[in-house]
Amino acid sequence: QVQLVQSGGGLVQPGDSLRLSCTFSGRALRDYHMGWFRQAPGKEREFVGTFTRSGSGGRQYYGDSVKGRFTISRDNAKNTAYLQMNSLQAEDTAVYYCATSQTALSGIRDASNYIHWGQGTQVTVSS
């Protein structure tokens with residue numbers, strides 16, 4: 001059974017850091033891009049970033065709103081990926097999702113190109 005299980009999240013104050021984890025089971029993570037998306041109430045799902053599989057360069061791509069603050073890493077041996085979020089702001093409040101894809105690089109920012117999804121985890125940034 002293919003499954004993505006997320007952990008982490010919670011309530012933090014502006015300026016704090018938080019790390020989310022996403023563990024993939026049933027398939028080898030090394031064969032997939034690992035992406036992160038988020039969705040705030042009343043808004044569309046937003047691309048946070050992707051760490052592509054090694055066969056596609058093994059590079060990281062980020063959305064403009066998180067670039068320089070968020071970092072995606074992956075440990076293929078553990079079949080786990082991470083989203084490190086620094087300098088969190090109120091605007092980062094959302095449900096965060098991890099997802100896997102095998103799409104061409106031109107499609108990595110489109111959520112419809114992702115196959116497997118985590119259950120989502122709430123991140124709330126508030127003083």
message: So which atom in Ser127 and which in Pro14 form the shortest heavy-atom distance, rounded to 0.1 Å?
response: N-CD, 3.7 Å
statement: So the ring pair (Phe, Tyr, Trp, His ring centres under 6.0 Å) pairs with at least one residue in residues 50-107 (sequence neighbours excluded) are none
message: For a quick test of reading the model, state the closest non-hydrogen atom pair linking Thr52 to Gly57 and the distance between them.
response: OG1-C, 4.0 Å
- prompt: Would Trp36 and Ile115 show up in the same hydrophobic cluster when neighbours are defined by side-chain heavy atoms closer than 4.5 Å?
  reply: yes
Residue pair Thr50 / Ile108: nearest heavy atoms and the distance that separates them: OG1-O, 3.7 Å
task: Calculate, to the nearest 0.5 Å, the distance between atoms CE and OG belonging to Met34 and Ser101 respectively.
output: 10.5 Å
query: Is it true that a side-chain atom of Asn79 and a backbone atom of Thr23 form a donor plus acceptor pair closer than 3.5 Å?
result: no
- request: To the nearest 0.5 Å, tell me how far Ser106 OG sits from Asn113 CG.
  value: 8.0 Å
query: Between atom CE of Met85 and atom CZ of Arg69, what is the distance when rounded to the nearest 0.5 Å?
result: 9.5 Å
Check against side chain to side chain contact (heavy atoms under 4.5 Å, CB included), Arg19 and Leu83: CA-CA 6 Å; Arg19 189 178 81 158; Leu83 177 65; over 6 Å; no
Derivation of the side chain to side chain contact (heavy atoms under 4.5 Å, CB included) call for Thr121 and Leu20: CA-CA 8 Å; Thr121 185; Leu20 307 182; 3.8 Å; yes
query: Tell me, do Leu88 and Leu18 make a side-chain contact under 4.5 Å, heavy atoms counted?
result: yes
message: Taking the side chain as everything from C-beta on, heavy atoms only, tell me whether Ser65 gets closer than 4.5 Å to Glu46.
response: yes
Separation between NE2 of His33 and CZ of Arg59, rounded to the nearest 0.5 Å: 12.5 Å
field: Derivation of the side chain to side chain donor-acceptor pair (under 3.5 Å) call for Thr124 and Gln122
entry: CA-CA 6 Å; Thr124 303; Gln122 177 71 44; 3.2 Å; yes
- request: Starting from the C-alpha separation in whole Å, work towards a yes-or-no answer on side chain to side chain contact (heavy atoms under 4.5 Å, CB included) for Leu29 and Lys78.
  value: CA-CA 9 Å; Leu29 180 61; Lys78 294 182 178 180; over 6 Å; no
- line: For Arg30 and Arg74 the tightest heavy-atom approach is CA-NH2, 3.7 Å
message: Donor-acceptor pair, distance only, cut-off 3.5 Å: does the side chain of Arg53 make one with the backbone of Asp31?
response: yes
statement: Between Cys98 and Gln6, the two heavy atoms sitting closest are N-OE1, 3.2 Å
field: Pairwise ring pair (Phe, Tyr, Trp, His ring centres under 6.0 Å) hits with a residue in residues 107-127, at least two apart
entry: Phe24-His116, Tyr32-His116, Phe37-Tyr114, Phe37-Trp117
- line: The reported gap from CG in Asp16 to CG in Asp92 (rounded to nearest 0.5 angstrom) is 11.5 Å
statement: One should read off an interatomic distance between Ser25 OG and Gln1 CD, to the nearest 0.5 angstrom, of 7.0 Å
message: Has Ser87 got a side-chain atom pairing as donor or acceptor with Gly15's backbone, closer than 3.5 angstrom?
response: no
- prompt: Under the side-chain hydrogen bond (donor to acceptor under 3.5 Å, both in side chains) test, which residues partner Ser17, sequence neighbours left out?
  reply: Asn86
